[in-house]
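Start at 1 with the first residue, then count along the sequence. The basis for the numbers below is simple: all heavy atoms, side chains too, and nothing from hydrogens, waters or symmetry mates.
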Amino acid sequence: MRYLAALLIALMVALPGLAAAERRVALVIGNDAYDNVPVLLKAGNDARAMEQVLGEMGFEVISAIDASRRQMNRALQSFSNRVKPGDVAMLFYAGHAIEIDGENFLLPVDIPPAEPGQEGFVRDEAISLNRVLEGMRRTGARLNIAVLDACRDNPFEASTGRSVGGRRGLSRIVAPGGTFVMYSADAGQAALDRLNDTDPDPNSVFTRTLLPLMQKPGLDLVELARETRRGVNTLASTVGHQQTPAYYDAILGEFAFTAKPSEPKPETETTPTVPPQTVDSSAIELVFWQSAEKSGTAAAYQTYLDKFPEGAFADLARLKISELSAPTGPSEAELAAIEAEKQAELQRSLEAARKAAQEREAARIAAEQEAARLEAERELARLEAERELAKLEAARREAKRQEAERKARESQSTGLEQQIARFKAEQRGPSYDCAKARRRDEIMICNSADLSALDRIMAKAYSTTRKRLNSNGRETLKLSQRSWLKKRASCRNESCLRTSLVGRIEFLEGY
């Protein structure tokens, strides 16, 4: 029994060892100092804290703080170049992001301002999350992880009318194969930067919950996501806010940022337990033969023959048994010849076994790569089909909206022309005393019946709107009116004045 156990232990030593420790590469981005949208307070802190923790876990970390569009693209390219097939790759992003027509975009700090109807412009100036995830997949990493602390309020949300993008949060996604994605809040929810204005913690509600859980030994990605959800939800509810992180799992197998410490094996006299694994029969035969050679007894060679009667070393084993059983030993020349033949045969057997093992491994890797390629192509085709459908639906909605706006403008234009005709018939001049007119725009309005009528319509709309507002609203409207009058004063012709007055009337009537 002990002889068999020793053979099994020797077999484990002879077989290839465990694979080298996996290589980990991470890209960490934190954007606070935005030029044209609301600045953030803790995204940079979140990125720095994540960089430190990942570095302690053995990740090679590429970081970017307050990155412009060009800097983000350079960091993504550097990250893609660093990741090799079989690695673990991770992206952490803290900052503003936006959902447009079902697709998510990360915003660099130099994102330009945008107005309603400029969704295409924002898409071109931002970083597509789908493109980032697809780029990670193409690196061949065995596992891709994307963590986004970016589900904040829409930075382009307009106070009136239609906004660019969704109101808040990111849209749900289909994670590419081999990818695990975690959002700081579910679709349609906003993630808290802080609990309140006096919150002393340097990190966001999501990141401060996630970081210590990443350092908990043995916690796999799904368990990590679930515990983070519970922690964030509980913490946000203390200030009456609903925030539940979401995750999208498309990976096979398990991964933990921090592995469980190995348990020491008790020292006993019992037969060692050999973990189950697939063992090459030629490797087993070689171990038995080497054990027989080391023993050098007829019984050991007979054990080999009993196990492998047609084995590669069977003839040599029979020769050894014959030699050991003979009444007289061979001559020195015979012994030398036998030893030479034995060494040659052993070398040939070792080379054949090594070559066969290499061929089998190469075939296995090629099959896995082909399967992965086919799966990637299917996933990419599905994503492209979904994207095209989304674009068609977006185009349909945009055409419908533009048609509705056109009809509204035509109707409004007709109504405005009728008002101009009615006010012109009264021949009362503008809403102010022309005898006191001093500025060029005031004098041009006094000299035009059409402009005078438009000025009176505008004044009436201003008065009607002002009556509907409270004191704060009236003050805001007054400041807006003064600002508009200053802009109107820059007009040098009647066409400019007419456009300015018509635009102000439309603004006041829709206020």
Side-chain angles (χ1 to χ4, degrees), residues 112-122 156-165 167 394-511:
E115 298 178 355
Q118 294 184 330
E119 286 82 358
F121 171 69
V122 173
F156 297 114
E157 186 171 7
S159 57
T160 60
R162 186 172 62 89
S163 300
V164 174
R167 181 171 180 269
R396 185 189 64 78
R397 292 197 300 267
E398 180 64 16
K400 186 176 180 180
R401 181 192 65 77
Q402 290 179 358
E403 178 63 17
E405 289 183 353
R406 183 187 64 77
K407 291 181 178 179
R409 284 195 300 270
E410 290 178 354
S411 175
Q412 188 176 33
S413 175
T414 301
L416 184 59
E417 292 299 328
Q418 292 174 351
Q419 291 185 65
I420 292 172
R422 186 168 66 254
F423 276 79
K424 283 174 62 178
E426 296 177 0
Q427 298 182 350
R428 290 170 52 191
S431 62
Y432 54 87
D433 187 354
C434 286
K436 298 179 180 180
R438 295 293 181 268
R439 296 201 315 260
R440 180 187 287 105
D441 59 321
E442 294 176 337
I443 294 172
M444 283 193 292
I445 291 173
C446 288
N447 292 335
S448 170
D450 282 353
L451 295 178
S452 295
L454 281 171
D455 182 77
R456 289 172 58 202
I457 295 170
M458 182 277 299
K460 181 179 178 182
Y462 176 83
S463 176
T464 302
T465 301
R466 188 175 184 278
K467 290 177 181 179
R468 295 200 307 267
L469 304 174
N470 58 22
S471 58
N472 289 335
R474 289 195 294 272
E475 183 62 23
T476 300
L477 183 64
K478 182 172 72 174
L479 293 174
S480 171
Q481 188 75 357
R482 288 178 178 175
S483 175
W484 170 76
L485 287 171
K486 289 181 180 179
K487 292 181 180 178
R488 191 191 72 179
S490 64
C491 285
R492 294 293 182 268
N493 53 59
E494 291 189 7
S495 175
C496 174
L497 286 172
R498 179 181 179 86
T499 300
S500 179
L501 284 164
V502 170
R504 191 61 179 173
I505 291 168
E506 292 176 351
F507 170 80
L508 291 169
E509 290 179 346
Y511 194 79

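Nearest heavy atoms, Arg504 versus Leu477: NH2-O, 4.3 Å. Here the shortest heavy-atom pairing between Ala453 and Ile420 reads CB-O, 3.8 Å.
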Please lay out, stage by stage, how Asn493 and Cys496 fare under the test side-chain contact (heavy atoms from CB on, under 4.5 Å). CA-CA 6 Å; Asn493 53 59; Cys496 174; 3.4 Å; yes
Would Ile445 and Leu454 count as a side-chain contact (heavy atoms from CB on, under 4.5 Å) here? Give the steps. CA-CA 9 Å; Ile445 291 173; Leu454 281 171; over 6 Å; no
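Side-chain contact between Trp484 and Leu501: present, with at least one pair of heavy atoms (C-beta onward) separated by less than 4.5 Å.
Enclosure of atom CZ in Arg492 by more than 12 non-hydrogen atoms of other residues, nucleotides or ligands within 6.0 angstrom is indicated.
Take Pro113 and apply the side chain to side chain contact (heavy atoms under 4.5 Å, CB included) test, not counting sequence neighbours, and it matches Asn36. Residues meeting the ring-ring contact (aromatic ring centres under 6.0 Å, His included) test with Tyr511, sequence neighbours left out: Phe507.
Here the straight-line distance linking atom NZ of Lys478 with atom CG of Leu469 works out to 13.0 Å at 0.5 Å rounding.
For residues 433-448, the side-chain hydrogen bond (donor to acceptor under 3.5 Å, both in side chains) pairs, not counting sequence neighbours, are Arg439-Asp441, Asp441-Arg488.
A salt bridge links Arg498 with Glu417: at least one charged nitrogen is closer than 4.0 Å to a carboxylate oxygen.
Looking only at distances, no side-chain donor or acceptor of Ser480 sits under 3.5 Å from a matching main-chain atom of Thr476.
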